[in-house]
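What you are looking at is a predicted structure, and each value in this text was computed from that prediction instead of being measured. Just so you know, these numbers use all the heavy atoms, side chains as well, and skip hydrogens, waters and symmetry mates.
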Amino acid sequence: MKKLILTILSLTILSFAPQKEDAFDTGEYFKFRIHYGIVNAGYATLEVKDATINNKKVYHSVGKGYTTGMSKFFFKVEDLYESYFDKETGKPYRYVRKIDEGGYTKNQEGFFNQNENRVLVKDYKRKSEKTIVVTESVQDIVSAFYYLRNHPNIDKLKSGESITIDMFFDDEITKFKLKYIGRQDITTKFGTVSTMVFKPSVQTGRVFKEKESLTLWITDDVNKVPIRIKADLAVGSLKADLDEYKGLKSPLKAKK
C-alpha cells in the first residue's frame, strides 16, 4: 500500500529495452487497478503530455497513485511523480516527487544538468537543496519507464537473461536488474493478451518478501504496455491490472 505508485513505476521501468521507433507518444494514458489481497486498494495512472523547457519541446509524464474506499481510511496514499524528458534521447531534465503515504511525506524536485552529469535536488519539506553527481546514462524513476520501452534488445532476450539500468531515486543511484522469464498468454478485461514475463531483483526486507518476489507481464507487441504486476509483500500480496488505456501509438492486440 505504501509503495503504491512506486511499485508500479519501479517494476515497469525494468521491463523494457530503447527501439528505433518510439513505442509511445503524447496522449498515452494508463490506469491501473490495485488489489491488496482481495481488497480493491486503489489506482495508479500514467499520462504523457507535452511541455517546454528552455524553449525546447519535451515530454512531460505524470504518474499518480491513490488509495480508495476503506483502504483510504486505514492507510491514505496520495502520490505524485512527474518527469520532463527529451523527445529524442529520453534523458531527463526535471522530476517532481510529492508523496503522502500514511503520513510519510516528501516534496522534492530535481533538475538534471546533462552536460555535467549532476542533479540539483530541492527538498521543499526540509527547505534545503544539494547537488549530486550522477552517471551519464541515469534516468529518474518515471523517465526510465519510457526510455526503456524504446530499447533495441528487449525482443532479443533469452530466458534467464537480464537487463540492468541506473536510476536516480532517494538521492542516490540505484541499479535494477530484471530477469526475462519467457512468454505467456494471459486473460485480461481486454481479452487474451500475449505477454513477456519478467522478474526484477528487488531489495528484501520491510516491503518485499524475497529478492524475486515481483512478477511483471508486458504486452508482446510494439507498445510494450505493462498489463499486470504481482508482488509478494512482507505482509500480504499486491496485484495491479491495467484497467483503462488510451492514446497508444499502435492498437493493443487482444483475442476476445
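Both Val48 and Tyr81 belong to a single network of hydrophobic side chains, linked directly or stepwise wherever heavy atoms of I, L, V, M, F, W or Y lie under 4.5 Å apart. Hydrophobic clustering of Ile, Leu, Val, Met, Phe, Trp and Tyr side chains at less than 4.5 Å, counting indirect connections, unites Val193 with Tyr245. By the rule that hydrophobic residues join a cluster once side-chain heavy atoms approach within less than 4.5 Å of another member, Leu80 and Phe168 end up as members of separate clusters. If you chain together hydrophobic residues whose side chains sit under 4.5 Å apart, Phe169 and Tyr84 never meet in one group. In the hydrophobic cluster analysis, where Ile, Leu, Val, Met, Phe, Trp and Tyr join through side-chain heavy atoms closer than 4.5 angstrom, Met167 is grouped apart from Val138.
Proximity of a side-chain donor or acceptor of Arg33 to a complementary backbone N or O of Asn40 within less than 3.5 Å is not detected. Side chain of Glu161 to backbone of Lys158: a donor-acceptor contact under 3.5 angstrom is found. At distances below 3.5 Å, not a single donor-acceptor pair connects side-chain atoms of Lys175 with backbone N or O atoms of Thr164. Under a 3.5 Å cut-off, the side chain of Arg94 and the backbone N or O of Ile53 do not form any donor-acceptor pair. Proximity of a side-chain donor or acceptor of Thr67 to a complementary backbone N or O of Val77 within less than 3.5 Å is detected. Thr188 places a side-chain N or O within 3.5 Å of a backbone atom of Gly191 that can act as its donor or acceptor partner. Put simply, the side chain of Lys189 gets close to the backbone of Asp243: a donor and an acceptor are under 3.5 Å apart.
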Worked verdict on Leu120 versus Glu129 for side-chain contact (heavy atoms from CB on, under 4.5 Å)
CA-CA 7 Å; Leu120 171 65; Glu129 62 179 57; 4.0 Å; yes

Steps toward side-chain contact (heavy atoms from CB on, under 4.5 Å) verdict (Val134, Gln114)
CA-CA 9 Å; Val134 295; Gln114 296 293 350; over 6 Å; no

Taking it one step at a time, do Leu216 and Val197 satisfy side-chain contact (heavy atoms from CB on, under 4.5 Å)?
CA-CA 6 Å; Leu216 171 66; Val197 187; over 6 Å; no

What do the steps show when you test Ile218 against Val225 for side-chain contact (heavy atoms from CB on, under 4.5 Å), and what is the final call?
CA-CA 5 Å; Ile218 66 168; Val225 173; over 6 Å; no

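Counting heavy atoms from C-beta outward, Leu238 and Ile34 have side chains that approach closer than 4.5 Å. Contact annotation: the side chain of Thr219 approaches that of Leu252 to within less than 4.5 Å [non-hydrogen atoms, C-beta and beyond].
In the model, Asp220 has no side-chain atom that pairs as donor or acceptor with a side-chain atom of Thr195 under 3.5 Å. Looking at Tyr124 and Gln108, their side chains never bring a donor and an acceptor atom within 3.5 Å of each other. Using modelled atom types, one finds a donor on one side chain and an acceptor on the other under 3.5 Å when comparing Thr135 with Asp166. Using modelled atom types and a 3.5 Å distance limit, the side chains of Lys31 and Thr45 yield no donor-acceptor pair. For the 3.5 Å distance criterion, the side chains of Tyr59 and Asp50 fail to qualify, holding no donor opposite an acceptor. For the residue pair Thr26 / Lys49, no side-chain donor-acceptor distance below 3.5 Å is found, with atom types taken as modelled. Side-chain contact of Asp185 with Ser194: a donor-acceptor pair under 3.5 Å is present, judged by distance alone.
The shortest heavy-atom contact between Asn113 and Glu116 is OD1-N, 3.1 Å. Scanning all heavy atoms of the two residues, the minimum distance from Gly63 to Leu46 falls at CA-CD2, 3.7 Å. Contact between Ser250 and Val222 at its shortest, heavy atoms only, is OG-CG2, 3.3 Å. Scanning both residues, Ser61 and Val142, for their nearest heavy atoms gives OG-CG1, 3.4 Å.
Salt-bridge formation is detected for the pair Asp171/Lys130: a Lys NZ or Arg NE/NH1/NH2 atom is positioned less than 4.0 Å from an Asp or Glu carboxylate oxygen. The residues Asp155 and Lys224 are annotated as salt-bridged, a charged nitrogen and a carboxylate oxygen being separated by less than 4.0 angstrom. The pair Glu78-Lys76 meets the salt-bridge criterion, since a charged nitrogen lies less than 4.0 angstrom from a carboxylate oxygen. Under the 4.0 Å criterion applied to side-chain N and carboxylate O atoms, Lys249 and Glu28 are not assigned as salt-bridge partners. By the 4.0 Å N-to-carboxylate-O rule, Asp241 lies too far from Lys230 to be salt-bridged with it. Salt bridge annotation for Lys56-Asp86: present, with a cationic side-chain nitrogen under 4.0 angstrom from a carboxylate oxygen.
The distance from atom OG of Ser83 to atom CZ of Arg97, rounded to the nearest 0.5 Å, is 14.0 Å. Rounding to the nearest 0.5 Å places CH2 of Trp217 at 10.0 Å from CD1 of Ile181. The line from CD of Glu109 to NZ of Lys98 is 10.5 Å long, rounded to the nearest 0.5 Å. Between atom CG of residue Asp140 and atom NZ of residue Lys91 there is a gap of 13.5 Å, rounded to the nearest 0.5 Å. Of the inter-residue distances, the one linking Thr174 atom OG1 with Ile141 atom CD1 reads 9.0 Å to the nearest 0.5 angstrom. Considering NZ of Lys64 and CD1 of Ile99, their distance stands at 16.0 Å, rounded to 0.5 Å.
Counting non-hydrogen atoms of neighbouring residues, nucleotides and ligands closer than 6.0 angstrom, the NZ atom of Lys87 exceeds 12 such neighbours. Few gaps surround NZ on Lys106; more than 12 heavy atoms of other groups in view lie less than 6.0 Å from it.
The distance between the ring centers of Phe198 and Tyr180 falls below 6.0 angstrom. Phe32 and Tyr43 have their aromatic ring centers separated by at least 6.0 angstrom. Two rings, from Tyr95 and Phe111, have their centers 6.0 Å or more apart.
The ring pair (Phe, Tyr, Trp, His ring centres under 6.0 Å) test applied to Phe30 returns no partner, not counting sequence neighbours.
With Phe85 as the partner, the ring pair (Phe, Tyr, Trp, His ring centres under 6.0 Å) test is satisfied by one option alone out of Tyr93, Phe112, Tyr146: Tyr146.
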